[in-house]
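Residue numbers begin at 1 in each chain, while the letters A, B, ... track the order of the sequences. All values derive from a computational prediction rather than experimental measurement.
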There are 2 protein chains.
Amino acid sequence: MTARTSPESARDIPEATVARLPVYLRALVTLSEQGTGTCSSEELAVAAGVNSAKLRKDLSYLGSYGTRGVGYDVDYLRYQIAREIGVTQDWPVVIVGIGNLGQALANYSGFRSRGFRVVALLDADPARHEAVVAGIDVRPFDELERIAHDHSVAIGVIATPAVAAQDVADRMVACGITSILNFAPTVLNVPAEVDVRKVDLSIELQILAYHEQRKTQGAATA
Amino acid sequence: MTARTSPESARDIPEATVARLPVYLRALVTLSEQGTGTCSSEELAVAAGVNSAKLRKDLSYLGSYGTRGVGYDVDYLRYQIAREIGVTQDWPVVIVGIGNLGQALANYSGFRSRGFRVVALLDADPARHEAVVAGIDVRPFDELERIAHDHSVAIGVIATPAVAAQDVADRMVACGITSILNFAPTVLNVPAEVDVRKVDLSIELQILAYHEQRKTQGAATA
DNA sequence: AGGAGTTTGTGAACGCGAGAACAAACCGGA
DNA sequence: TCCGGTTTGTTCTCGCGTTCACAAACTCCT
């Protein structure tokens with residue numbers, strides 16, 4: 001029987017809620033560093049930039065970690081969310097494509113502090129194999145299989161040009177990587193069991209441009 | 001009278017559709033470069049990684065640009081979407097915070113090719129003011145007001161550390177900037193008329209980690 | 001010219017997420 | 001122990017987005 005009621009919550013959390021949990025977690029870390037021991041849903045909601053009703057509903061999917069009339073214990077809730085997301089454990093990550101963006105990612109401190117450990121930087125260009133970025137040697141892309149196997153890597157980051165991204169993704173999937181964060185501006189084709197999240201810098205700007213155009217349109221047309 | 005039925009479509013496009021239009025645009029550019037003159041909704045949907053029914057409904061908000069029994073003229077549809085988004089015009093953009101990420105953004109060719117022109121790179125750190133990134137001088141942050149005014153900048157990009165982000169946002173808003181793309185891992189407080197879009201690298205990884213944990217959980221518990 | 005085949009555009013049903021509103025539960029003081 | 005004040009957890013309703021399914025419209029072939 002397939003774990004019909006797993007002991008520790010984790011039934012099925014709505015996707016929209018999952019996307020907000022890291023935001024709550026960051027807000028809690030900030031509150032904790034400020035020395036706040038307890039906070040209400042209203043305070044935490046303001047810190048996270050959301051509605052307090054939505055926040056409470058989100059947290060209710062994890063369980064009842066608050067106390068009515070009091071609020072939430074900051075450190076306790078912080079741990080519970082971290083455990084739910086899975087950042088209490090250590091996630092080995094490999095980054096492929098060490099251009100400007102890849103280097104920025106490798107240097108980003110927000111990864112390590114949240115349970116992600118960059119175990120390798122790979123690039124197909126031999127000219128980059130001499131480099132050391134963020135204290136890590138840049139290695140040839142061909143070593144992907146060995147590294148992924150040795151470190152049991154489950155998460156891969158693609159920061160290559162668009163043309164190379166699909167090949168990289170195919171190789172990653174073949175290595176047993178089942179979660180991919182894709183910064184290349186292209187649509188990746190992967191098996192259904194592999195999760196892909198896409199971050200496209202120019203798309204975000206275009207969405208802003210659309211709204212900006214609508215704002216100024218009225219004045220210009222008049 | 002406030003343009004009650006503007007001649008060229010643009011009634012009110014659902015937010016979810018707006019977010020996908022840039023994806024369609026990129027797929028159309030790719031098809032056009034491959035020499036494809038016409039495509040069906042099914043072909044375009046595959047290229048964009050979406051459902052064909054959704055694609056057709058999205059396009060229907062712009063108008064009837066297809067031909068039944070035939071499909072869409074690639075270049076024509078491409079122009080219509082580009083015009084709707086607003087990338088047929090030129091958008092001056094200022095980037096604040098020229099660390100690793102800011103440099104990556106400045107060098108990103110996807111901006112210029114889509115109508116965005118980086119008019120200035122600003123940084124508060126004097127040590128960076130000697131640098132030239134992507135052919136553009138890095139200038140002191142204090143010049144924001146002058147540059148924003150001289151170039152009529154409406155869109156700003158924040159790539160600073162989290163602690164500086166709110167100050168930068170405040171100054172941007174005071175300059176008349178009404179659209180902000182925020183890469184700093186913090187919640188920005190801005191007036192309602194200012195659009196903010198957030199890109200958080202570590203949040204995306206955390207979402208992947210959550211699903212990854214769920215995948216392996218069953219096997220580990222058994 | 002007419003019919004078979006193809007593809008768009010849209011009406012309708014369905015499911016998910018957001019927000020309001022409230023009962024249940026807790027704390028502190030008398 | 002009881003009561004007022006506070007805050008959580010949850011129910012309910014509403015609106016948006018997705019998907020199905022099909023009529024309308026176009027092309028091509030005979």
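Qualifying side chain to side chain contact (heavy atoms under 4.5 Å, CB included) partners for A/D75, counting only residues two or more places apart in sequence or in other chains: A/S32, A/D73, A/R78. Applying the side-chain hydrogen bond (donor to acceptor under 3.5 Å, both in side chains) criterion to B/Q89, with sequence neighbours excluded, gives no partner residue. Applying the side-chain hydrogen bond (donor to acceptor under 3.5 Å, both in side chains) criterion to B/R171, with sequence neighbours excluded, gives B/E145.
Atoms CD and OH, on A/E15 and B/Y210 in that order, are 8.0 Å from each other to the nearest 0.5 Å. With rounding to the nearest 0.5 Å, the separation of NZ in A/K54 from NZ in A/K57 is 11.0 Å. From B/I81, atom CD1 reaches atom CG of B/L25 across 6.0 Å, with rounding to the nearest 0.5 Å.
For the pair A/D73 CG and D/dT7 P, the interatomic distance rounds to 16 Å; values are reported in whole Å. Atom CG of B/L59 and atom P of C/dG9 are 7 Å apart (whole Å). Atom NZ of A/K54 and atom C1' of D/dT8 are 18 Å apart (whole Å). Put simply, CG on A/L62 is 14 Å from C1' on D/dT8, counting in whole angstrom units. Going from atom CG of B/D58 over to atom P of D/dT19 covers 10 Å, rounded to whole Å. Rounded to whole Å, the distance from CG on B/L55 to P on C/dG9 is 10 Å.
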Name the pairs: protein N/O against N/O of nucleotides 11-14 of chain D, kept only if under 3.5 Å.
from, atom 1, to, atom 2, distance (Å)
D/dC12, N4, A/K57, NZ, 3.3

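Exactly one of A/L101, A/T160, A/V118 qualifies for a side chain to side chain contact (heavy atoms under 4.5 Å, CB included) with A/I95. That residue is A/V118.
Contacts between residues 14-44 of chain A and DNA chain D, counted as heavy-atom distances below 4.0 Å, involve A/S40, A/S41.
By the 4.5 Å heavy-atom criterion applied to side chains, A/T186 and A/Q166 are not counted as neighbours. The shortest side-chain heavy-atom distance between A/Y108 and A/Q103 does not fall under the 4.5 Å cut-off.
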Sugar-phosphate or base contact per nucleotide [nucleotides 22-29 of chain D; S, B, -; heavy atom under 4.0 Å]: --BBBS--

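In this structure, B/S64 and A/N51 both approach DNA chain C, and ranking their closest nucleotides by distance from the 5' end singles out B/S64.
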A/Y65 vs A/Y76, ring pair (Phe, Tyr, Trp, His ring centres under 6.0 Å): CA-CA, chis, key distance, verdict: CA-CA 8 Å; A/Y65 295 136; A/Y76 180 60; 5.7 Å; yes

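Remark: A/Y61 is not in phosphate contact with C/dC16, judged by side-chain N or O atoms under 4.0 Å from OP1 or OP2.
Between B/P14 and B/Y61, the shortest heavy-atom contact is CG-CZ, 3.7 Å.
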